[in-house]
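Note sheet for the following structure.
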Amino acid sequence: MSGSRQRCASCGHELSETDPQLRCPACQGLLEIHHARPTLSGAALRARFDERRSVSRGALASGVWRFREAVLPTAADAVVTYPEGNPPLLDGPAVARWTGLSQLLLKHEGHNPTGSFKDRGMTVAVTQARRVGAPALACASTGNTGAALAAYASLAGLPALVMVPRGQVALGKLAQTLAYGARTLLVRGNFDECLELAEQARAKLGLYLVNSINPFRIEGQKTIVLELLQQLNWSPPEWIVLPAGNLGNTAAFGKALGEARAWGLITRMPRLAAVQAAGAAPFAASFREGFARRHRVDPHTAATAINIGNPASYERAVRAIRETNGVVTAVSDEEIFEAKAVVDAAGVGCEPASAASVAGVRQLLHSGVIDPGQLVVAVLTGHLLKDPDSVTRYHQAADPRPPGANPPVEIGPTLSDVERELRACGAV
Ligand SMILES: *Cc1c(COP(=O)(O)O)cnc(C)c1O
Ligand SMILES: [Zn+2]
């Protein structure tokens, strides 16, 4: 086998790399990209990836395309790139203390061009759309996929249609989608209904769908893991913890780790911990039953990015958890927002769904799944400013006042009022 192929994860049916179908024509299963083993492996492949860290312009400066052998080896030219990726791996001592860990590293994907990890998948999906000559792009979104699609479609000069659940999209995300110029449809339904509608529109109207059921999105999102391994000099952490909604990222992380080990980039597998919001936790319910069956729920969480009841990448995420000896858990919205307040007050900041990973770390530590001395990387998936309403709501809630609330104080235009407030906060 040379080059890359698309293969049905359910029945093994194969399609060429540039076949624009989104599902297996034989059984409707999801497709996966299979790459030929790179000509380099182990230390030589690590060295190639490491050399490119000094590239400052063009596709190889991207934290996605730097790993092109693992992403889309044949699309070297004509990629649609911002460039994206390269967000920091932060040491978060105050956040670590809150969880009970001695050290916690935060991979901050909110520092991507549109403020979430979705840019990593989108650069690859839109590149592929251009390769196959797609006339127009579409997605269903809880907000961030739409924002990323809107930006990358504009970079590529292609029209885009974004379907979001009306009234359930955070303000920053909706603003971006409008501003970057996508046709934005406010669907009277939830995300799962938006996704069904988008798939129908793809089949009937010939749109190129860039949801994470698109296997090229997964290839791009794998680079979150490759990049964090690289930032740790290829010495893997014990745990990688991430929020889980539609499960595209969980699937991507499992695939990245499997390939990294097969290609000799690492010799030891980190364990994955996928964290859901308790009000939208069908994957955690399946995990508790040893993945005996798939669950569907009516989702209710204020962490809108993970407000999903019927995750599309269920099957491949199950494999990711099994192959990494991983775990799945759920945390309440109270825990998510308390964790978010801690991440925010540490000067780091993230959107609500991202804080699920930090709340999950604390819970898994308290239940003895994670040891206090283990090296843990928590992925922060989106930027603080994505959801400004959730911030003002939290800090101005009165009864009861939430942990770490920092309400604004109204004063008269007098120095004595300023002085009083200065004393109240212990600054003088
Ligand atoms: C999309 C998204 C998630 C969920 O990722 P899945 O791949 O759908 O599981 C989590 N956090 C943020 C900020 C997101 O945009
Ligand atoms: Zn199939």
Side-chain angles (χ1 to χ4, degrees), residues 6-15 21-32 107-112 114-122 139-149 164 169-170 172-173 176-177 191-192 195 210-215 217-218 220-222 224 241-255 272 274-277 280-284 299 301 303-317 320-321 328 336 340 343 349-358 360 378-387 390:
Q6 306 187 63
R7 186 182 301 161
C8 173
S10 304
C11 79
H13 185 88
E14 288 206 346
L15 302 177
Q21 296 182 78
L22 192 65
R23 286 180 179 271
C24 170
C27 80
Q28 298 300 304
L30 294 184
L31 300 170
E32 275 187 344
K107 178 67 174 153
H108 206 326
E109 290 293 314
H111 291 254
N112 269 291
T114 76
S116 86
F117 73 82
K118 298 297 199 303
D119 295 334
R120 291 186 186 261
M122 206 53 73
C139 74
S141 178
T142 60
N144 281 332
T145 298
L149 170 58
V164 296
V169 181
K173 307 175 189 185
Q176 287 177 296
T177 309
F191 169 79
D192 301 291
L195 184 55
V210 298
N211 277 98
S212 57
I213 52 177
N214 182 318
R217 280 272 310 274
I218 303 295
Q221 288 170 205
K222 288 187 326 194
I224 302 169
V241 185
L242 78 162
N246 213 21
L247 304 180
N249 234 9
T250 305
F253 282 30
K255 189 168 191 281
L272 286 182
V275 186
Q276 299 208 283
F283 191 46
T301 169
T304 50
I306 50 175
N307 192 35
I308 293 171
N310 183 21
S313 290
Y314 174 78
E315 310 274 355
R316 47 196 189 190
I321 295 299
V328 186
I336 288 175
K340 174 175 153 54
V343 173
C350 66
E351 71 164 275
S354 312
S357 59
V358 171
V379 179
L380 299 180
T381 44
H383 196 279
L384 168 73
L385 288 175
K386 286 285 191 174
D387 190 351
S390 76

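Start at 1 and go down the list; that is how both ligands and their atoms are numbered. Side chains included, hydrogens not; waters and symmetry mates left out as well; all remaining heavy atoms used.
- Residue-level proximity to ligand 1 for Lys118 is carried by the side chain, the only part with a heavy atom below 4.0 angstrom.
- Metal site remark for the Zn ion (ligand 2): Cys11 contributes an N, O or S atom at a distance under 2.8 Å.
- Between Tyr314 and Phe283, the ring planes are perpendicular. Angles over 60° get that label, and only those under 30° would be called parallel.
- Of the heavy atoms in Ala353, only side-chain atoms (C-beta onward) come closer than 4.0 Å to ligand 1.
- Within the 4.0 Å heavy-atom criterion, neither part of Gln221 lies near ligand 1.
- Heavy atoms of Ser212 stay at 4.0 angstrom or farther from ligand 1.
- Contact record, Leu30 with Ala312: CD1-O, 3.5 Å, taken as the closest heavy-atom pair.
- Counting heavy atoms closer than 4.0 Å to ligand 1, residue Ile306 contributes side-chain atoms (C-beta onward) but none from N, CA, C or O.
- Contact record, Phe191 with Ile308: CD2-CG1, 3.6 Å, taken as the closest heavy-atom pair.
- Considering backbone and side-chain atoms alike, Gly245 places an N or O below 3.5 Å from some N or O of ligand 1.
- For the pair Gln28/Ser10, no side-chain contact is recorded, criterion being any heavy-atom separation below 4.5 Å from C-beta on.
- Heavy-atom minimum distance, Thr381 versus Ser354: OG1-OG, 2.8 Å.
- Taking any N or O of Asn249, backbone or side chain, at least one lies under 3.5 Å from an N or O belonging to ligand 1.
- For Thr142 against Lys173, the heavy-atom pair with the smallest separation is O-CD, 4.2 Å.
- Considering the Zn ion (ligand 2) as centre, the angle to SG of Cys27 and to SG of Cys8 is 100° (10° rounding).
- No N or O atom of Ile308 sits closer than 3.5 Å to an N or O atom of ligand 1.
- Residue Ser354 places no N or O, backbone or side chain, under 3.5 Å from any N or O of ligand 1.
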message = Test salt bridge (Lys or Arg N to Asp or Glu O under 4.0 Å) on Glu32 and Arg7; report intermediate values, then the result.
response = CA-CA 5 Å; Glu32 275 187 344; Arg7 186 182 301 161; over 6 Å; no

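- In terms of protein heavy atoms, atom 8 (O) of ligand 1 is closest to Asn246 N, 2.9 Å.
- Here the CG-CZ distance, from Asn112 to Phe117, works out to 10.0 Å after rounding to the nearest 0.5 Å.
- When every heavy atom of Ser390 is checked against every heavy atom of Pro352, the shortest pair comes out as OG-CG, 3.5 Å.
- Residues Cys24 and His13 come closest through the heavy atom pair SG-CB, 3.8 Å.
- Here the shortest heavy-atom distance to atom 11 (N) of ligand 1, taken over Asn144, Ile218, Thr304, Thr381, belongs to Thr381.
- Of all atoms in ligand 1, numbered sequentially from 1 with element shown, those under 4.0 Å from a heavy atom of Glu351 are 13 (C).
- Looking only at protein heavy atoms, the nearest one to atom 5 (O) of ligand 1 is Phe117 CZ, 3.6 Å.
- Atom numbering of ligand 1 starts at 1 in the shown order; those under 4.0 Å from a heavy atom of Gly248 are 6 (P), 7 (O), 9 (O).
- Distance check: Ile213 CD1 to Leu22 CG gives 4.5 Å after rounding to the nearest 0.5 Å.
- Under a 4.0 Å criterion applied to the non-hydrogen atoms of Ala244, ligand 1 contributes the atoms 9 (O).
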